[in-house]
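These notes concern the structure reproduced below.
Each chain gets a letter, A, B and so on, in the order its sequence line appears, and its residues count up from 1. All values below were derived from every heavy atom in this structure, side-chain atoms included, with hydrogens, water molecules and symmetry-related copies excluded.
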2 protein chains.
Amino acid sequence: MAVKARLNRETLVSTALDLADAEGLDAVTTRRVAQHHGVTPMALYRHFRDKEEIFDALAERLLAQVALPEPDHRPWHEQTRDVFDAFLAALRPHPAVAGLVLNRVLTSEPGLALAERTLSLLAEGGFPVDQAAETGSQALCSLVTLVITEPGRGDGPDPETRDGTVRAKRAALAALPPRRYPHVVAAADALASCASDDVYYARGTAMIVAGIRSGPATADRAATGG
Amino acid sequence: MAVKARLNRETLVSTALDLADAEGLDAVTTRRVAQHHGVTPMALYRHFRDKEEIFDALAERLLAQVALPEPDHRPWHEQTRDVFDAFLAALRPHPAVAGLVLNRVLTSEPGLALAERTLSLLAEGGFPVDQAAETGSQALCSLVTLVITEPGRGDGPDPETRDGTVRAKRAALAALPPRRYPHVVAAADALASCASDDVYYARGTAMIVAGIRSGPATADRAATGG
DNA sequence: ACCTGAACACCGTTCAAGT
DNA sequence: ACCTGAACACCGTTCAAGT
C-alpha cells in the first residue's frame, strides 16, 4: 500500500480489481482503495463521480479483456461458440467482479463490441433483430451466471476456506433424507463441487449454443403457448 | 411503521421483502427493518444470527412460493418447462430479491424440493447424475438471471423513473455510430426495453429447455473439444 | 425470553479549504 | 488541477444491561 505515483483512473481500477479478487467485491470500498494509494478517500472523487462509476469501470476492464476472434468463414454457430469462449476467458479470472457485467455490457466500448459481434452472428443465423437482441442478451448473461455460480467456489478465494465450505456443503447434501431427496443425495458430489472446471464450462457453453440453435421456430411455438 | 405485534421471523422477513420490492435490496438494512417494527436494531438478533441469515430467509421465502406442478405422464421436457414456469412465477414479482436465490437453492426445504424435482425430470430424460446436476443448476440459474436482467426494468420500481431510464438507454444506443455498431443500433428498442414480458420469458424458457434437450451427446462432443 | 442503550469500527459522500 | 480535513448520515455488530 501507499504507492506514491500520481493518481489516475486505470491504476485505481487495478487496485479495485485486486481488492475484489483477493477479498470479494465488498472489499472494494472508497476508503480501502484510497488507503492503498496512501491518499484520502476524497481523492478518488476527482477520478470517479461516485462508487457506481468505479463498478462501471471494473466491468469495463473485464470486457476489455475479451479477445474477440476474427470473423472467418465457418458456420455462425461455431464462431458464436468461440466468441462465448473468449467472453468466459475474460470473466473466469475475476469471479467476484463478473456479476457487475450483467447490466453493463451495453455501456462501454468493449461491451458494445462484444454485443455487436454477437448480434451480427445471430443475424447470420437467421434471427430477426428483436429476437436476436433477447437471445444474445440472455446467452451472454447465462455465461456470466456460469462464472458466478461455478460449483466449488465457496465464497472467498482462499483455497483452504473453499475446500472447507465445499466439504461442508457436500456433507449437508449427502446427509439429507434419501427417501425425500433421492436425486439430490445421489448428486451431492456434483452439486457441491465440480469434477473439472473446463468440462463444466464446455458443457455450459454447449448447452447455451444448442439453445440458441433451436432458434426462432421453437421460441415462437412456446411464445404462443403451444 | 411502528407495528406493535410481537416480533417473529416471518413478519420480519415480510418487512424485508416489502422494503426490497419498494426500494431495492440495498434498502434492506437491519436498522430500517427494525424501525418498521418500532424496535431497536438489536431486537432482530434474537431472530437472525446476522444479516446474511435475513437474506437466506428472503431467498427461502421466494422459493416457498414455487408451486410445483404434480408429476404426470407427459414427456419429461414438457414437465420440466412447467416446473421452470412455476419457478419464474415465484421470482418475477420480486426481481430485487431474485438474485439471492442464485446461491441458495440447496439450503432450504423449498429449494431442495425444486432441485429434487428438476433432477428427477433430467434423470427421466436420460442424463447421468453428474451431468444432471450441472445442467439443472445452470438452467435454474439462467432462469434467475432472466428475471434479474429483464430488459426495461431500469433499477428502481417506480414506473416513472423506469420509463426515463429505458428512454435514455434506447436513445444512447440509437445514437451510436451505425457504421461501427450496425446491429446494436438496429436492435436499440429490443435491447433497451421489452415488447412483451410474457414473450420474453416464454422465449427464454424455450431456449433453456431446448439447450437441455440437446442433452448429453452435444455436451460430450463439446467437452472433448470437437 | 425478549428487548434496550451505548458504543465501536466501519461506510459513501458533502462541503469548504488548501497548494 | 489535484488533494486534504472535518463533518454528516448512515451501516452491521459487540457487549452489558434491563424486565
Atom [atom1] of [X] to atom [atom2] of [N]: distance rounded to whole Å?
{"X": "R9(A)", "N": "dC3(D)", "atom1": "CZ", "atom2": "P", "result": "14 Å"}
{"X": "I54(B)", "N": "dG12(D)", "atom1": "CD1", "atom2": "P", "result": "8 Å"}
{"X": "Q35(B)", "N": "dA9(D)", "atom1": "CD", "atom2": "P", "result": "15 Å"}
{"X": "E53(B)", "N": "dG12(D)", "atom1": "CD", "atom2": "C1'", "result": "14 Å"}
{"X": "F48(A)", "N": "dG12(C)", "atom1": "CZ", "atom2": "P", "result": "13 Å"}
{"X": "Y45(A)", "N": "dC8(D)", "atom1": "OH", "atom2": "C1'", "result": "13 Å"}
{"X": "L44(B)", "N": "dA1(C)", "atom1": "CG", "atom2": "P", "result": "19 Å"}
{"X": "F55(B)", "N": "dG12(D)", "atom1": "CZ", "atom2": "C1'", "result": "11 Å"}

For this session: Give a yes or no on whether a salt bridge exists between R61(B) and D56(B), defined as a side-chain N under 4.0 angstrom from a carboxylate O.
Result: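 Looking at D56(B) together with R61(B), the answer is no, because their closest N to O distance does not fall below 4.0 Å.
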Exercise. Where each residue is assigned the nucleotide of DNA chain C containing its nearest heavy atom, which of R46(A) and T30(A) is assigned the position nearer the 5′ end?
Worked result: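 Counting from the 5' end, the first nearest nucleotide belongs to T30(A).
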Problem set entry | Atom CZ of R9(A): over 12 foreign heavy atoms under 6.0 Å |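 Yes.
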Exercise. Has N8(A) got more than 12 heavy atoms of other residues, nucleotides or ligands less than 6.0 Å from its CG?
Worked result: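 Enclosed.
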Nearest-neighbour nucleotide for the [X] side chain, [options] considered:
{"X": "M42(B)", "options": "dT4(D), dA6(C), dG12(D)", "answer": "dA6(C)"}
{"X": "R31(A)", "options": "dT13(D), dA7(D), dT14(C)", "answer": "dA7(D)"}
{"X": "A43(B)", "options": "dT13(C), dC3(C), dC11(D)", "answer": "dC3(C)"}

Exercise. Between E150(A) and Y201(A), do the side chains contain an N or O donor and an N or O acceptor separated by less than 3.5 Å?
Worked result: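 On atom types as modelled, these side chains qualify, holding a pair under 3.5 Å.
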Exercise. So, E109(A) and Y181(B): side-chain donor and acceptor under 3.5 Å apart, yes or no?
Worked result: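 Yes.
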Problem set entry | Canonical and wobble pairing (Watson-Crick, G-U, under 3.5 Å) of DNA chain C, dot-bracket with | | ||.|||||...|||||.||
Problem set entry | Sugar-phosphate, base or nothing in reach of R49(B), heavy atoms under 4.0 Å |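 Counting heavy atoms under 4.0 Å across all strands, no contact is made by R49(B).
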Problem set entry | From CA spacing to verdict: side-chain contact (heavy atoms from CB on, under 4.5 Å), R104(B), T107(B) | CA-CA 5 Å; R104(B) 292 177 172 89; T107(B) 55; 3.9 Å; yes
For this session: Return the 5'-most residue of the pair D50(B), H47(A) with respect to DNA chain D, ranking by each residue's nearest nucleotide.
Result: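 Mapping each residue to its closest nucleotide by heavy atoms, the 5'-most match is H47(A).
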For this session: Determine: side-chain N/O of T40(A) to OP1/OP2 of dC3(D), distance under 4.0 Å, yes or no.
Result: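 False: T40(A) side-chain N/O out of range (4.0 Å or more) of dC3(D) OP1/OP2.
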For this session: Keeping the roles fixed (side chain from T11(B), backbone from L7(B)), state whether a donor-acceptor pair exists under 3.5 Å.
Result: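 Judged by distance alone, no pair lies under 3.5 Å.
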